[in-house]
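This report refers to the structure that appears directly beneath it.
The figures that follow rest on heavy atoms only: side chains count, while hydrogens, waters and symmetry mates do not.
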Amino acid sequence: MPLALLALAVGAFGIGTTEFVMMGLLPDVASDLHISIPSAGHLVSAYALGVVIGAPLLAAVTARMSRRTVLIGLMALFVAGNALSALAPGDGSLLAARFLSGLPHGAFFGVGAVVATNMVPPERKARSVSLMFLGLTVANVAGVPAATLMGQHLGWRATFLAVSAIGLAAIASLAFLIPHDHAHASPAGLRGELAALRSLPVWLALATTVAGFGALFAAYSYVTPMLTGAAGYAEGSVTLLLALFGVGATAGNLLGGRLADHSLRGTLFGGLTSLAVVLALFPPLMRAQWSAALAVTLLGVAAFVTGSPLQLMVMEKAAAGPSLASSANQAAFNLANAGGAWVGGVALAAGFGATSPALAGAALAVLGLGVAGVAYAVDRSRRTPSAGRVVTSHVPEESGALRP
């Protein structure tokens with residue numbers, strides 16, 4: 001694998017750290033800025049909103065630029081957003097800085113996935129994407145706990161300064177390691193990128209992402225009350241258990257990348273099926289502490305096995321202009337975050353028990369399987385290959401629409 005993938009992983013590590021560290025710093029930020037915990041929670045929402053808006057917008061605006069230049073520019077915006085977060089005098093300015101920090105998130109992963117697949121032979125495309133995503137999963141294992149501890153001992157502002165330093169390291173890595181000849185501007189331009197989004201298979205792939213990862217977040221958003229209320233863990237033990245989720249996610253991400261290079265569609269169906277089964281087993285597994293720890297780890301594995309296949313599925317269906325669609329898939333991940341948390345909250349509020357969000361997540365995973373099945377049927381009806389390879393060339397139709 002090219003050493004340049006390390007540069008993408010460093011950027012992903014910084015992005016993953018800043019995305020999730022705010023959850024652990026909310027009490028410190030609320031106390032320092034004299035606001036309530038719910039008000040501080042808006043900082044999480046502001047970042048997610050930045051991802052959803054910034055992913056397709058920045059990918060579209062930079063469609064004719066060198067992807068190497070785009071990646072460096074996105075990380076510069078990331079550094080600026082985190083530095084401004086560290087220097088924010090009040091909650092309003094911090095809210096704006098968190099929104100700014102979220103803007104480059106989706107576009108970085110979207111454009112980075114295209115660059116990663118361009119640097120490897122066809123049989124290693126999924127693994128190249130999984131190695132970039134490795135930075136995100138490792139951030140949950142090491143980056144977020146370390147950054148949280150730093151914030152608790154040195155102040156939350158020190159955390160965002162440290163994340164800015166990671167961003168600077170990523171910029172240097174991108175500048176030195178990303179080759180110019182594999183990161184040229186998309187030949188399709190903005191018009192071609194937008195045209196690719198007119199394809200029904202692209203939207204079915206995006207819908208699969210929303211449903212599949214919505215299943216994860218329906219349960220993961222409420223994993224703390226499940227662990228404390230159902231499994232009997234003390235609140236102080238939850239951080240270690242979340243690290244187990246990160247370990248599982250890292251293993252699942254690497255496994256999914258290898259499997260998807262052999263069968264993209266098979267890995268996707270297998271991953272969604274495994275996710276539905278794991279979530280359905282949460283109620284009995286939460287009856288004992290050892291099995292609850294196993295459940296959290298398996299949740300990370302099952303969910304992130306589908307990460308690389310979903311990203312490649314979107315890129316495959318938008319082969320003529322993959323950057324915008326690939327970035328839109330990152331927006332879909334964040335919509336899944338918000339939508340899944342809402343579905344799990346509805347189940348919890350309805351009084352179905354502490355583990356009911358997991359069952360709601362299982363239902364979403366089954367829905368994701370259904371959408372993936374429809375996408376497969378559409379592929380067959382159009383007599384297009386269903387093999388898991390990213391196509392690098394296209395033939396436009398006379399009407400301007402792109403073949404799926």
Side-chain angles (χ1 to χ4, degrees), residues 16 19-20 23 44-45 47-49 51-53 55-56 102 105-106 109-110 133 136-137 140 202-226 242 245 248-249 252-253 256 267-283 295-296 298-314 325-350 352 354-375:
E19 179 181 16
F20 295 109
M23 287 75 158
V44 177
S45 302
Y47 184 93
L49 183 62
V51 177
V52 173
I53 293 176
H105 176 130
F109 280 107
F133 283 154
L136 181 65
T137 57
N140 282 280
V202 170
W203 285 101
L204 288 173
L206 292 173
T208 305
T209 295
V210 173
F213 267 77
L216 165 65
F217 287 110
Y220 188 67
S221 300
Y222 305 96
V223 70
T224 296
M226 278 192 269
L242 295 184
F245 171 83
N253 173 56
T267 304
L268 179 59
F269 279 113
L272 289 172
T273 301
S274 300
L275 182 58
V277 171
V278 169
L279 288 170
L281 290 175
F282 252 55
V296 171
L298 291 177
L299 178 62
V301 175
F304 278 85
V305 159
T306 64
S308 298
L310 285 169
Q311 190 71 35
L312 276 178
M313 185 75 72
V314 172
S326 181
S327 298
N329 196 48
Q330 296 302 312
F333 278 119
N334 278 267
L335 288 176
N337 190 339
W342 178 78
V343 170
V346 168
L348 203 58
F352 294 132
T355 57
S356 61
L359 296 179
L364 285 176
V366 172
L367 176 62
L369 272 170
V371 177
V374 171

Task: Candidates T208, L204, L369 - the one meeting side chain to side chain contact (heavy atoms under 4.5 Å, CB included) with V374 - done: L204

Open item on the list: Return the OG1 to CG distance between T355 and L281, rounded to the nearest 0.5 Å.
Closed with: 11.5 Å

- [ ] Take L359 and F282 through the test side-chain contact (heavy atoms from CB on, under 4.5 Å) and record every step on the way to the result.
- [x] CA-CA 8 Å; L359 296 179; F282 252 55; over 6 Å; no

Task: Whether N329 side chain and A325 backbone form a donor-acceptor pair below 3.5 Å - done: no

Task: Minimum-distance pair of heavy atoms, taken over all atoms of A331 and P56 - done: CB-CD, 4.4 Å

Task: Under 3.5 Å donor-acceptor, Y222 side chain and G345 backbone - done: yes

Open item on the list: On a heavy-atom basis, which atom in A362 and which in A276 lie closest, and how many Å separate them?
Closed with: CB-O, 3.7 Å

Open item on the list: Can you tell me how the ring of F213 sits relative to the ring of F333, calling it parallel under 30°, perpendicular over 60° and tilted otherwise?
Closed with: perpendicular

Open item on the list: Please report the interatomic distance CG(L136) to NE2(H105), rounded to the nearest 0.5 Å.
Closed with: 6.5 Å

Task: T306 and L275: CA distance, side-chain angles, deciding distance, side-chain contact (heavy atoms from CB on, under 4.5 Å) verdict - done: CA-CA 9 Å; T306 64; L275 182 58; 5.7 Å; no

Task: Heavy-atom pair of closest approach, residues G214 and A336 - done: N-CB, 3.4 Å

Task: Closest contact, heavy atoms only, T209 versus A332 - done: CG2-CB, 3.9 Å

Task: Heavy-atom pair of closest approach, residues A218 and L364 - done: CB-CD1, 4.2 Å

Open item on the list: Using 30° and 60° as the class boundaries, would you call the ring planes of F217 and Y220 parallel, tilted or perpendicular?
Closed with: perpendicular

TODO: Working to the nearest 0.5 Å, report the span between CG of N337 and CH2 of W342.
DONE: 15.0 Å

Task: Criterion side-chain contact (heavy atoms from CB on, under 4.5 Å) on Q311 and F133, from CA distance to verdict - done: CA-CA 10 Å; Q311 190 71 35; F133 283 154; 3.8 Å; yes

TODO: Could you grab the distance from atom CE of M313 to atom CG of L268, nearest 0.5 Å is fine?
DONE: 4.5 Å

Task: Where G110 and Q330 come nearest, the two heavy atoms and their spacing - done: N-CG, 4.1 Å

TODO: Hey, could you give me the OG/CG distance between S274 and L299, rounded to the nearest 0.5 Å?
DONE: 11.5 Å

